[in-house]
Peer 1: 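To start, I am sharing the structure in question, which I have written as structure tokens.
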Amino acid sequence: MTKEENEKRLVRLKGIVSSLPEKPGSYQYYDEQGTIIYVGKAKNLKSRVSSYFHTEVDRFKTKVLVSKIHDISYTVVNTEEDALLLENSLIKKYNPRYNVLLKDGKTYPSICITNEPFPRIFKTRTINRRWGTYFGPYSHYGSMQAILELIKKLCRPRSCRQPMTPEGIREGRYNVCLEYHIKNCGGPCIGRQSHEEYQKSIAQAREILRGNTRGILRDMRAEMERLAEELRFEEAEAVKQKYMLIDSFCSKSEVVSHVINNIDVFSIASDEKTAFINYIHVAAGSINQSFTFEYRKRLDETDEELLALGIVEMRERFRSTSREIIVPFDMDLPLEGVTLTVPQRGDRKTLLDLSVMNGRQYRFDRLKQAEKLNPEQKSVRLMKEIQDMLRLPKMPYQIECFDNSNISGTDAVAACVVFKKMRPSKKDYRKYNIKTVTGPDDYASMKEVVRRRYTRLMEEEQPLPDLIITDGGRGQMEVVREVVEDELGLRIPIAGLAKNDRHRTNELLYGFPPVVVGMKTDSELFRLLTQIQDEVHRFAITFHRDKRSKHALHSELDDIRGIGPKTKDALLKRLKSVKQVREATLQTLTEIAGAAKAGLIYSHFHGDNGQE
């Protein structure tokens, strides 16, 4: 599209916007092919739509959307609630490119009660409303199985698939199966259980699936007492067993308060690309439904916009009639007869916290699944976390960490480990013998190593790190900064890992003067940083031990020019010690090492030309 054509497009669209009514409604944007690419809602159509065409719009995704718009249509409604409901239905109908994408939960199972004279109850992933009534979907498979197991023991619904009718039973068309003999079925197929009794059991199952167990328990208790008064103790015992089954099941569910009934709870956890909205329904003081929906963002939608859309979608899907909705923040949601509550304490706050925890856990689980399929995603996420936490100019692709090791200043060494994409790059590890420092001076040793490391990288034009981590606190950070910034003139971010009195790493320091960065010590990122610290410590200690071992094994024979390891081993094997080698005659040495090497050894110890 040329610049002139684009200007004509914008003039035409602004003309449409100028004639929009100042009433609530839904608006639709179309692309060049006449396809709906975005559906929105508004209290005031003219004000809302015109905001997209302001010159000060700075959101990139919004600019992309506006560049694709070639036509605008709208629908005026009476109330904001109608606008919200209309927006939801249009999004589901047209699935516009730039609206949030709901990742549907169709793969989650539901429980079906069929529309038959003798209904069956089973789990299914196929939804067909003509077959029966559906409860769910259930995001937690174990919870669904627990409910089915309770219904099987309490109500004993038939599991056979034959099309059973009262006429067929009277005519004797059916035979009992194994389920009847093991007492999992009452035998309605042969008239052992009447149609009325069977329907009564199915009604109980429906109430259990709706979460209305308190009413069932109340009716059972009354029936149990009535049977006991009539001295029908065996029947009363049978009712008692069912009562205990339901009571045991309810005790395992999340009970908040018996005064809380028919309430919806919503929370949202989001990042740049995705939002996770958790829905909890409370009936009779117990949680009987918990589900998390995943929304893929297409524009820069706010949490309030996404949560409003999610509330309408989930209440419609689960056919909720709750008149109170608990939400995490104040929001403008025009639902008639519905109260929005932002709790600060008490049972409702407990419910909101539980919903938030479920949403975050679901987000974490989805993230873990994605990272298993794409390990690079985890690295990028962790690098992004460090960048945001330390406010770095770019993601720390290359991180380097230093550590010193010595015993009272002897055999002083240092080490540098390199992590790229949050993984160790062992080919880039470096060992250093301390050359210019005498005695146990860790600060001076650190200065020498950092100076040598980055001077060489600059001379060889090798890439510099995006972040330096010191194995120490404020003092180590300062000496590194003096070399990197003051001497070499480099601008490399420097962080430090400090230990507490028990010598356990408990703080991440950053900045000058260094300040503690707020980070949980049990977080994944902090564990990775301590892994880098442990790795440089291990590498430095190993190098120091190797050097110390070589020093301990050094003998005077190593100082004799022309005498190699094999000759040395032969001498010590025969003569047992350096003292015996020193005292040996030239003839003895010749027998072991040959004339030439015997002369070198004898000259070293006796200071002559090897003649006795």
Side-chain angles (χ1 to χ4, degrees), residues 24 26 41 43 77-89 91-92 102 105 110 129 133-139 147 203 206-219 250 253-268 275-293 295 303-359:
S26 172
K41 67 176 185 308
K43 296 180 186 178
V77 294
N78 292 321
T79 65
E80 295 175 43
E81 179 182 4
D82 292 336
L84 184 64
L85 296 174
L86 179 59
E87 178 198 34
N88 181 56
S89 63
I91 288 174
K92 288 194 291 186
L102 169 63
S110 297
R129 301 294 176 186
T133 305
Y134 292 84
F135 298 87
Y138 291 89
S139 58
I147 293 173
R206 290 180 189 274
E207 293 304 307
I208 291 172
L209 290 169
R210 291 189 181 113
N212 299 331
T213 53
R214 288 177 64 198
I216 298 175
L217 289 173
R218 185 174 57 250
D219 294 342
C250 292
S253 64
E254 183 78 26
V255 178
V256 184
S257 172
H258 289 297
V259 299
I260 295 181
N261 184 42
N262 199 19
I263 288 180
D264 288 335
V265 186
F266 289 91
S267 66
I268 184 169
F276 299 91
I277 298 178
N278 177 260
Y279 164 69
I280 287 177
H281 181 71
V282 181
S286 298
I287 295 170
N288 65 358
Q289 185 64 261
S290 177
F291 200 85
T292 302
F293 282 88
Y295 286 87
D303 282 356
E304 183 177 347
E305 292 171 336
L306 290 170
L307 188 55
L309 186 64
I311 288 174
V312 173
E313 169 69 26
M314 293 185 206
R315 282 174 62 87
E316 178 185 328
R317 176 166 298 202
F318 292 101
R319 295 189 292 281
S320 173
T321 58
S322 300
R323 292 301 175 186
E324 181 180 358
I325 301 176
I326 296 174
V327 290
F329 44 74
D330 290 321
M331 56 186 298
D332 185 13
L333 188 64
L335 293 178
E336 186 177 352
V338 175
T339 302
L340 298 184
T341 304
V342 184
Q344 302 300 320
R345 64 183 67 84
D347 293 329
R348 284 171 171 76
K349 182 63 165 63
T350 301
L351 279 169
L352 179 60
D353 292 342
L354 183 64
S355 177
V356 170
M357 182 182 70
N358 274 274

Peer 1: Does a side-chain heavy-atom distance below 4.5 Å link Tyr295 with Ile268?
Peer 2: no
Peer 1: Using a 3.5 Å cut-off and no angle test, enumerate the donor-acceptor pairs between side-chain atoms of residues 330-343 and protein atoms at least two apart in sequence or in another chain.
Peer 2:
residue : atom : partner : partner atom : Å
Asp332  : OD2  : Lys43   : NZ           : 2.6
Thr341  : OG1  : Glu324  : OE2          : 3.1

Peer 1: CD1/Ile325 to CD1/Ile311 distance, rounded to the nearest 0.5 angstrom?
Peer 2: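 Separation between the atoms: 5.0 Å.
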Peer 1: The criterion is ring-ring contact (aromatic ring centres under 6.0 Å, His included); which residues satisfy it with Phe266, sequence neighbours excluded?
Peer 2: Tyr279
Peer 1: Sequence neighbours left out, what passes side chain to side chain contact (heavy atoms under 4.5 Å, CB included) with Val312? Give chain and number order.
Peer 2: Leu84, Leu85, Asn88
Peer 1: For Asp264 and Arg315, work out which heavy atoms get closest and say how close.
Peer 2: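 Looking at all heavy atoms of both residues, the closest pair is OD2-NH1, 2.8 Å.
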Peer 1: Apply side-chain hydrogen bond (donor to acceptor under 3.5 Å, both in side chains) to Ser355 and list each qualifying residue two or more places apart in sequence or on a separate chain.
Peer 2: Ser267, Asn278
Peer 1: Specify the closest pair of heavy atoms between Val327 and Leu352, including all atoms of both residues, with the distance to one decimal.
Peer 2: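 Minimum heavy-atom contact is O-CD2, 3.8 Å.
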Peer 1: Find the distance between CD (Glu87) and CD (Glu305) and round it off to the nearest 0.5 Å.
Peer 2: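 Between Glu87 CD and Glu305 CD, I get 8.5 Å after rounding to 0.5 Å.
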Peer 1: Please name the pair of heavy atoms, one in Phe293 and one in Met314, separated by the smallest distance, quoted to 0.1 Å.
Peer 2: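 That closest heavy-atom pairing would be CD1-CE, 3.0 Å.
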Peer 1: Taking Gly346's backbone N and O only, do any of them form a donor-acceptor pair with Thr350's side chain (distance below 3.5 Å, no angle check)?
Peer 2: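 Present.
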Peer 1: Output the distance between atom CD1 (Ile91) and atom NZ (Lys41), rounded to the nearest 0.5 Å.
Peer 2: 8.0 Å
Peer 1: List for me each residue that meets salt bridge (charged side-chain N to carboxylate O under 4.0 Å, His left out) alongside Asp353, sequence neighbours excluded, and say none if there are none.
Peer 2: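 Applying salt bridge (charged side-chain N to carboxylate O under 4.0 Å, His left out) to Asp353 gives Lys349.
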Peer 1: If you measure from OG1 on Thr321 to CG on Asn262, what distance do you get to the nearest 0.5 Å?
Peer 2: 4.5 Å
Peer 1: Calculate, to the nearest 0.5 Å, the distance between atoms CG and CD1 belonging to Leu354 and Ile280 respectively.
Peer 2: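 Separation between the atoms: 4.0 Å.
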Peer 1: Just verifying a value: how many Å separate Ile263 CD1 and Ser322 OG, rounded to the nearest 0.5 Å?
Peer 2: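 One finds 7.5 Å between CD1 of Ile263 and OG of Ser322.
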